[in-house]
Each structure stands twice: as C-alpha cells, then as structure tokens.
Amino acid sequence: MAPELLGKLLIVGAGDRVVSGRIVETEAYTSDDPASHSFRGETPRNRTMFGRPGRLYVYRSYGIHWCANVVTGSAGDGQAVLLRALSIVAGLAIARDRRGDRTFRDLANGPGKLCQALAIDGTHDGTDVTTGGSSIMIVDDGVPFPPDPIVGPRVGLSKAVDVPWRFRSR
DNA sequence: AAAGAGATGGTCT
DNA sequence: GACCATCTCTTTT
C-alpha cells in the first residue's frame, strides 16, 4: 500500500544521467474506487494495473502530463499507488534542466512534474521497478521517514499540495 | 500567498 | 463528444 512506498528512493536513468528522488507523497487507488482507472475493468490502457505487482503503470494525464503508479495488488486486482511528489536527491542539475529554473520544491511536487523531472514517459509502462538493472527502480536506503502522513480515506484532493517533509527551498 | 481559468489529447460513452 | 488521478500562467489579496 501507499505507506510502503513513502520514503523510498525512485531512481531513473543510467550512468551520469541518473536522477533520483525520495517519495514524499503517494495515493492508493483500488478497483473499488470510482476515481480509479481500474474501476470500470480492464482496458488496453490500464492493463498494466491488472498485471503483476512491482511494475510501473504510466499513463498520460490531461493530454499533457505523464503520471506514474506502482502496481501494488496481486495480478487481477487492479490496485496501484500514484506517486504524487518527490524530493530530489541526485541529479538536481538535470532535473532543473528539464523543469526549468524553479525552486527546489517546485521540481517534483506533483505527479506530472515528477515524471518530467525524472523523464518518465509511456515507454516505461510495465517496467519492473523491484529489480535492479533496469533504467528505473525503487529502493529502500533505510532512511527513516516522518510518521503519520496525511492521507484522506476518500479520493479527491481538496487541499493544496503541501508535502509533509521539511524542504529548504531557499 | 492564494485563487481561478485555459491548455491539450487519449480514452471511454 | 465529454471526461479527466494536472500544470502553468495571470490576477488578486
């Protein structure tokens, strides 16, 4: 579920073009949820959601942005966790290059921004993030994460994105 | 610092 | 043809 992913590192790229960030905000989506892509059953687009867990489900949002989810349910469940915000750890210059000159926090404090900063797109759909060796993976580096993240039981973000992590943005 | 509206295109009805 | 799991820019406190 969502708390499992909080605090872990998302690493994308290879060699000297690696950008990584700590996951600071997530949201879970299940097939029970009317807002979930999996709610109305499997379609060509969301087939990854119904596949094996540990893979990345990437889709295009509003025709503009990419959004990345990690499949968390068993095959057939249609359960995934949306990566909502990151704190950039490595490759800061590269991320800023892709996102434009913005404040540190503004680099990846949203699903679409996160994908742009780490260069995640549709070609990553279905990628296994639990095994090393691929150009994108999620690892646990053992850094403790502040407890009690604010996650509403209902879907629909009514609040502004305020990341539960202390940033030093200037 | 906060709030509102436009952009933009794939997917589903 | 409508609906968005959003972002950015512009305007207003």
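A quick note: this is a predicted structure, and the numbers were derived from the prediction, not measured. Labels below follow one simple rule: chain letters A, B, ... track the order of the sequence lines, proteins then strands, and each chain is numbered from 1.
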Is there a side-chain contact between A:L86 and A:I23, using heavy atoms and a 4.5 Å cut-off? yes
Rounded to whole Å, how long is the line connecting atom CD of A:E25 with atom P of C:dA5? 16 Å
Under 5.5 Å between ring centres and under 30° between planes: true for A:Y62 and the base of C:dC4? yes
Take N1-N3 plus N6-O4 or O6-N4 for Watson-Crick, N1-O2 plus O6-N3 for G-U, both under 3.5 Å. Which runs of 3 or more such pairs involve DNA chain C? B:1-7 with C:6-12, B:9-12 with C:1-4
Pairs where residues 89-100 of chain A contributes a residue and the test side-chain hydrogen bond (donor to acceptor under 3.5 Å, both in side chains) is met, not counting sequence neighbours: A:R99-A:Q116
Minimum heavy-atom separation for A:S87 and A:V24, please, with both atom names. CB-CG1, 4.1 Å
A:L114 CG to C:dA5 P, in whole Å, measures 17 Å
Determine, answering yes or no, if A:Y29 is stacked on C:dA5 under the 5.5 Å centre rule and the 30° plane rule. yes
When rounded to the nearest 0.5 angstrom, what distance separates CG in A:L5 from CD in A:E25? 13.0 Å
Quick one: are A:L82 and A:C67 in side-chain contact, heavy atoms under 4.5 Å? yes
What side-chain donor-acceptor pairs closer than 3.5 Å can you find for residues 7-17 of chain A, not counting sequence neighbours?
none

Under 3.5 Å donor-acceptor, A:D77 side chain and A:S74 backbone: yes
Is any side-chain heavy atom of A:W66 closer than 4.5 Å to a side-chain heavy atom of A:V58? yes
Worked verdict on A:D106 versus A:K113 for side chain to side chain contact (heavy atoms under 4.5 Å, CB included): CA-CA 8 Å; A:D106 206 21; A:K113 301 176 182 180; 2.9 Å; yes
A:R47 CZ to B:dG10 C1', straight-line distance once rounded to whole Å: 15 Å
Of the candidate nucleotides C:dA5, C:dC7, B:dT8, which contains the atom at the shortest distance from the side chain of A:Y57? C:dA5
Residue pairs passing the side-chain hydrogen bond (donor to acceptor under 3.5 Å, both in side chains) test where at least one lies in residues 36-49 of chain A, sequence neighbours excluded: A:S36-A:S38, A:H37-A:Y57, A:T43-A:N46, A:T48-A:D125
Show your reasoning for whether side chain to side chain contact (heavy atoms under 4.5 Å, CB included) applies to A:H124 and A:S135. CA-CA 9 Å; A:H124 295 99; A:S135 63; 4.2 Å; yes
Rounded to the nearest Å, what distance is computed from the CD atom of residue A:Q79 to the P atom of nucleotide C:dA5? 18 Å
Letter by letter from the 5' end, nucleotides 8-13 of chain C scores (B base, S sugar-phosphate only, - none; protein heavy atoms under 4.0 Å) S-----
Show me the protein contacts with nucleotides 11-13 of chain B, counting only N or O atoms at under 3.5 Å.
unit_1: B:dC12; atom_1: OP1; unit_2: A:T43; atom_2: OG1; d: 2.3

Rounded off to whole Å, could you give me the CZ-to-P distance for the A:R84 and C:dA5 pair? 11 Å
Between A:Y59 (OH) and B:dG9 (P), how many Å, whole number? 17 Å
Taking CH2 from A:W66 and P from B:dT8, how many angstroms apart are they, rounded to a whole number? 17 Å
CD1 of A:I64 versus C1' of B:dA7: gap in Å, rounded? 5 Å
